[in-house]
Structures are given as structure tokens and as C-alpha cells.
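Presented below is the structure to which this report refers.
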Number of protein chains: 2
Amino acid sequence: MASPPRPRIRDVAEVAGVSATTVSHVLNGKGRVDEATRARVIAAAERLGYRPNSTAKRLRSGRADTIGLLLPFGAAAEHAQHILAVEFYLTLAMSVVEAAFDHDQALLQLPPLRAPEDLRRFVVDGAIVVDPLPADPRLRLFDQLGLPTVTVGRDAARPADPWWVATDSTAGTRAVLDHLAAAGARRIALLTVDIEWSWFVEGRRAYTAWTHDHGIEPITILTRPDRLDSSAVEAATAALDLEPDAVYAPPQWLATGLLKAAKERGVRVPDDLLVSVGVDSQLARTGEPPLTALDLAPVRTAREAVDLLVQRIEGRASGGSRLIPAELRPRRSSTPSG
Amino acid sequence: MASPPRPRIRDVAEVAGVSATTVSHVLNGKGRVDEATRARVIAAAERLGYRPNSTAKRLRSGRADTIGLLLPFGAAAEHAQHILAVEFYLTLAMSVVEAAFDHDQALLQLPPLRAPEDLRRFVVDGAIVVDPLPADPRLRLFDQLGLPTVTVGRDAARPADPWWVATDSTAGTRAVLDHLAAAGARRIALLTVDIEWSWFVEGRRAYTAWTHDHGIEPITILTRPDRLDSSAVEAATAALDLEPDAVYAPPQWLATGLLKAAKERGVRVPDDLLVSVGVDSQLARTGEPPLTALDLAPVRTAREAVDLLVQRIEGRASGGSRLIPAELRPRRSSTPSG
DNA sequence: CTGAAAGCGCTTACAG
DNA sequence: CTGAAAGCGCTTACAG
């Protein structure tokens, strides 16, 4: 059971017949080292199975080579997982892990932060905060500790802050609406959730502007983000009462609630009603009918966020916000038959 | 932008007029310290906003107070996310994060490990490996580095290994089959995936045993775990060709494929066919019809796994495997109308 | 009850 | 090209 003691740099030095300094130089590619010496050191390190102690490196360098990820929900807040779609967040998280790895960073998954002390025990060089609310107290926490952050989604309360990555909600919303209009819709309703994440706020604004530009009466149904399972069908039914010929429901749970409400009422999709959801998922791809959706590009979003955070941590000035385009995936739910 | 230099223990000592040793004693509750001195130290630490440098603590103690989590898929392996259900893994992961936090551990999300070197750069005291395959090479990796692991799901190739937590697949499968039989089913088919995770292997075995015990002909349809979206409906159609009156489809994507295939063929659920899925989800709860499902208790599973791993890391002997019961959630898909 | 000293395993000026 | 020494910020015997 007891594993053999792990070799230290001095063990490698001893075997190679050199000093620890030289071993360090060889292993880190610093300084000039004789070719023969280098070979001996590498052979010794390999033979001993040496791997440098990261903790010691960190103490020396002051860098943790670890970034934190803060998702907008915990395990208990089940309902929050459905705000957009579970898959989006899982793919985002796994992509952040892999992108961090490619940057030689480890990824610490942070729990929901309740008190300032909560954050103190985590050793990170910075963090990615997903879906900040305006003036999000979590961001203030990081600021207080002097830890750099990058947000996925904008913090509306800090319009001047350039450290964010976000899917282009405005353009995405327009793409959906243009698509529905091109398919013949004249009364397009927006069925969405009343939450201050920039994706939703900007989507609502874009909808209002688009309907104004097209001389179309805006029909907006807002739901509260709690009591999801039950409220979706209620809200969708309220939307159908207004007799739209198309509905754009950004969150997945509202789109599925809409399908259910339509069915109960004998409204056929797409024949009587065109539908689009705001986030792609397996459900959208393979459901009945398949749902037109926006691909929010979680993989790319993750990579850009990690990229930007690493730049910020390293003090490289080239940072700045990054707007990611969402791509429309037209499917049967918005394709009039015949 | 430049944050003020972080106070060190010696700064606190200076302000409090004591030695670093005493500060350490106070802050860690070691040794005897005069009450007045203690108060001075605490006041000084508070005034300076002192928080100990975890890296230095780690170097000294040799413990990282960090555990790793290795999920059975990466961001790219989209299909794998659907093997069971995305929600299960997201809830499991978030629960592991919170359970780790409660144990004063941080949670490092590990990327898919490809080479032995991949693991070396992560500083963890141990790891939770989810859904190991028999003789999983990832587990060997941890073994080689002398890092303790706990698996979620059993490693069939190491039957003697006691370091696992798993949902009771055998009892869960029986519960589903008993339930379907009680609802009147006589030809119950198993529609599942050909993957060597213990949850599925034990489920198949339990199904075979149950059908044998009940003198019922076993009908098993196995699908390959790749090409998920397309293969689900194909496999489900093949299952329907055998004219079962009930189908147990453990993975969510097969259950939804089955509903689709049934609809195409005019088979009504639950009137003509009873259906149960093996993992609970929002889809199961709110779909049309709502699906009878097993609640795999991801929150509890996560807590037990973290618990067990921490015990193993600390060398406490009380460890041992933990079997978590799955709970049946009967819904309309298996409730004959009338 | 309190503190000086050693040491965890590295890296990096600096000297040779 | 190579190495002795200092130091990153802690904790813990040990001495007083």
C-alpha cells in the first residue's frame, strides 16, 4: 500500500552527478547546459520517474496555474439547470476543463459562494464566472481578493468592463425572428424568462427593436425563473391565448412547455404555429418535431473565455471582450409543410 | 489595478508583536497560547485581512486538500453525455463539488486522460473516477502515481477492491420489472446499450435472472454506444418488432427513441405498451407521457463518494463500498389507463 | 506560554 | 557550462 517515496530534484541530481540547479535548468529549458550533461539528467529523471512537485513550483513562482469556474447554480438549485438547457452548461464546463488543460492550467470547480471566506480557501490565479447578474456580488468577491475574472455573459452593471465573452444575443435573436418571418409568421410572440442575465436581457431588447422595425405588434410573455416545471405550460398557454402564429422561446423548458400546451389545445406545430428555441440540445435535434434552435457555441465560448482569462492573468494587454456568433439551426418546427 | 501585496504571517506577527510561530499556533488552534495574546493575533490578522498561503501550507504538510473528478466523457464526446442522461452527470458533478467543499477539499475537474503525463501536472490527494470500464487504464494511472481513488460504479475487473460507491443496479432493475409486471406486462423487453459500465452490466444480468425466475422469455436488444441519435430509433423499432407489451430502456436516449418509434408505428404508450426509463430527468418528469424512471440519487452518491475518498486519503480504515438504493418513480408511461 | 531555527521542494540571481 | 546559496510562506519539533 505504502508507495515508495517520490523522488526529489536532488535525487535526480545525485544520480546524474550534477547539482539541483543544473537539473532544474535542463528540465525547464533555462540557461546553457552541455549536451552530454543534459542527456545524463534526462536519463536520470526518466529512470527515477521524477515529476516536479507542483506545490513547490507554485510557492516559488507565486502562480497556481489553476483557474476557477463558477457556474450560476449549485447541485440543489435544480430548477436553475433548466433555465437554458443542461447540455449547454455541461458542454461549457467540460470545454473549459479541456481549454484550461491546453493552457497548462488546472480547473477548479467552485461551489456556490455564500460568504467571502468561502473563496479564500481556493488557490486560483483567476476565475471564469458564468452568467453574472448585474452587480453580481460574486464578482465583487473576486475583486476584493485581487483575483482577475472573465465573465461568460456581460455584467450589465459594468458596461465599461472589457473582460467578458458572450454569445451575440442581439444578432441571434434577429436571426431567429428573420427566419420565422421568412417562413410566413406575422404575429411572433416572445416567451421568455424574467432573469437579468445578459443573454435574456439583450434578447428581449432585440425582440422589441425588431418588432418595432418591422411594424409588428410585440407580444411578450415573461415567466418567473422558479417553479419551472409547472409554470412552463401555464405561461405557454397564456401565450397561445394571444393567438400568435409563431413563438420564440429561448429557454428549453419553455419551448417544451409550449409544445405541450399546443398539443393540449390542438394547435399543430409547425402547421398552425412555428416554434424556435434559443439553445440547441439533443432534445431539439431529435424531439417531435425537431426544434429550430440557436447553437450557442459552448465549446468556442469556453475556449475564448479561458484564453482571455489567461491573458488577463499574465497581464498581457491584448485582452478585450469577445462576441461569439450564435448559429441558427432551422428544423421542422419552423418549416411550414406544403 | 495592482493589488496591494498580500500580508504574510510575519506581517501579522509584527503587528501583533509576537512571533510567526505564535500566529501559526493561534490560527491553527495548536499549542497553548495566552488568551490576551490570542486576541491580539486575531485582531491583527483581521485588520490586515490575512489569509494563509495555501500553497505554502501544502508544501509543508504534503497535502493538497484537493480531490480530482474524472467524468466518463469530455466535451467533444457529445454522444457519451447521453448514455444515461446529461442531468445525472451535471447533478453528480455539482454535488461532488459541494460535498468536497463541506470536507474542506477543493475539486479539480480532470480532463480526459490520454497519457500518463497528463495526470502528473495535477495536484490532488486522490480522485473520484466515474463509470470505470473493466480494467480501466485510467485507474491504473492513478495507481501508478500512488493516488487513492474511489469509483462511482464498480470496476468489474477488480471485484475485491472495496473503494467504490454505486447505485444498486440489480435491485433497481428488479423494482422496474416488478412494477411493469404488476401493471400487467407479460412480455417485457430490455432495450439497452452495450457498454461495460457496471450499472448496465448488472442491469442486464438482473434482467436475465428476473425473467428466468418468472418463467418469462427474455427479450434483449443491445445497441452500440456510438451514433446515438440515429441508432436509438432503429434499435427501438427492432424491439417493437418483437411485440413486447412493456419495454425497460435504461438510457434516456433509448427511451425517447422508443417513444418516437412507437408513435411512428401507431403504438400507444401506455395503452399498448408500458415504458420505463432507467434514469430520472426533467424530460421523464414533464415529457409526454411522463416516464416512469429510477431516481439514481446522484446527490447522495456524490456525498458518499467524497466521504469514502476522504477516508481513504486519511488512511482511516472504516472505508468500504457503499451501495445506494435507486428509487422507482412510477408515472403515466407505465400506468395502464382504464 | 513563547520564539528561533529548520525544512517542505523547488527556481533564480549570482559567482565562478 | 556549472553549482552554492537564498528564499517562496508556512508549520513543527525543540528549547527556554
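Because the structure is a prediction, the values reported are computed rather than measured. Order of the sequence lines fixes the chain letters, A, B, ..., with proteins taken first and strands second; residue numbering starts at 1 for each chain.
- Regarding contacts with the backbone of C/dT12, a side-chain N or O of A/K30 is found under 4.0 angstrom from either OP1 or OP2.
- Base-pair partner of C/dG16: D/dC1 (Watson-Crick or G-U wobble, both distances under 3.5 Å).
- Considering only the side chain of A/R60, C/dC10 comes nearest among C/dT2, C/dC10, D/dC10.
- A donor-acceptor pair is defined here as one N or O able to donate and one able to accept, closer than 3.5 Å; no such pair exists between the side chain of A/T37 and the backbone of A/V33.
- Atom pair A/L48:CG and C/dG9:C1' shows a separation of 15 Å (rounding to whole Å applied).
- Residue B/Y50 places none of its side-chain N or O atoms closer than 4.0 Å to OP1 or OP2 of D/dG9.
- One atom, CZ of A/R63, and another, P of D/dG9, lie 16 Å apart when rounded to the nearest Å.
- One can place CZ of B/R58 at 13 Å from C1' of D/dC10, the figure rounded to the nearest angstrom.
- Exactly one of A/L145, A/T149, A/D143 qualifies for a side-chain contact (heavy atoms from CB on, under 4.5 Å) with A/L147. That residue is A/L145.
- If you check every strand for non-hydrogen atoms under 4.0 Å, A/R8 touches sugar and phosphate atoms only.
- In the set D/dC1, D/dC10, D/dG3, D/dG3 carries the atom at the smallest distance from any side-chain atom of A/T21.
- Taking side-chain N and O atoms only, B/S54 has no distance below 4.0 Å to OP1 or OP2 of D/dC10.
- One atom, CZ of A/R32, and another, P of D/dG3, lie 17 Å apart when rounded to the nearest Å.
- As rounded to whole Å, 13 Å separates atom P of D/dG9 from atom CZ of B/R51.
- Contact annotation: A/K57 side-chain N/O to C/dT11 OP1/OP2 distance is under 4.0 Å.
- Out of D/dT12, C/dT12, D/dC1, the shortest distance to the side chain of A/D34 is found at D/dC1.
- Residue A/L59 places its side chain closer to D/dC8 than to any other of D/dC1, D/dC8, D/dT2.
- Under the 4.0 Å criterion applied to side-chain N and carboxylate O atoms, A/R303 and A/D102 are assigned as salt-bridge partners.
- Closest contact between the side chain of A/S19 and the listed nucleotides D/dC10, D/dG3, D/dT11 involves D/dG3.
- Nearest to the side-chain atoms of A/H25 among the listed nucleotides D/dC10, D/dG3, D/dC8 stands D/dG3.
- Side-chain atoms of A/T91 and A/V299, non-hydrogen and from C-beta on, do get closer than 4.5 Å to each other.
- D/dC8 atom P lies 18 Å from atom CG of A/N53, rounded to whole Å.
- In summary, B/D307 and B/R322 engage in a salt bridge, as defined by a charged side-chain N under 4.0 Å from a carboxylate O.
- When distances run from any side-chain atom of B/T22 to the nucleotides D/dG3, C/dT11, C/dT2, the shortest one goes to C/dT2.
- Taking atom CG of A/L27 as the reference point, atom P of C/dT12 lies 13 Å away to the nearest angstrom.
- The side chain of B/I9 approaches D/dC10 more closely than any other nucleotide in the set C/dT12, D/dT12, D/dC10.
- Residue A/S61 is out of contact with every strand shown, counting any heavy-atom pair closer than 4.0 Å.
- Ion pair A/R63/A/E314 flagged as a salt bridge, since at least one NZ, NE, NH1 or NH2 atom sits closer than 4.0 Å to an Asp/Glu carboxylate oxygen.
- Residues A/T55 and B/V33 both approach DNA chain C. Their nearest nucleotides, taken by heavy-atom distance, put B/V33 toward the 5′ side.
- At least one side-chain nitrogen or oxygen of A/N28 sits closer than 4.0 Å to the OP1 or OP2 atom of C/dT11.
- Distance CD (A/E14) to C1' (D/dG3): 15 Å, rounded to an integer number of Å.
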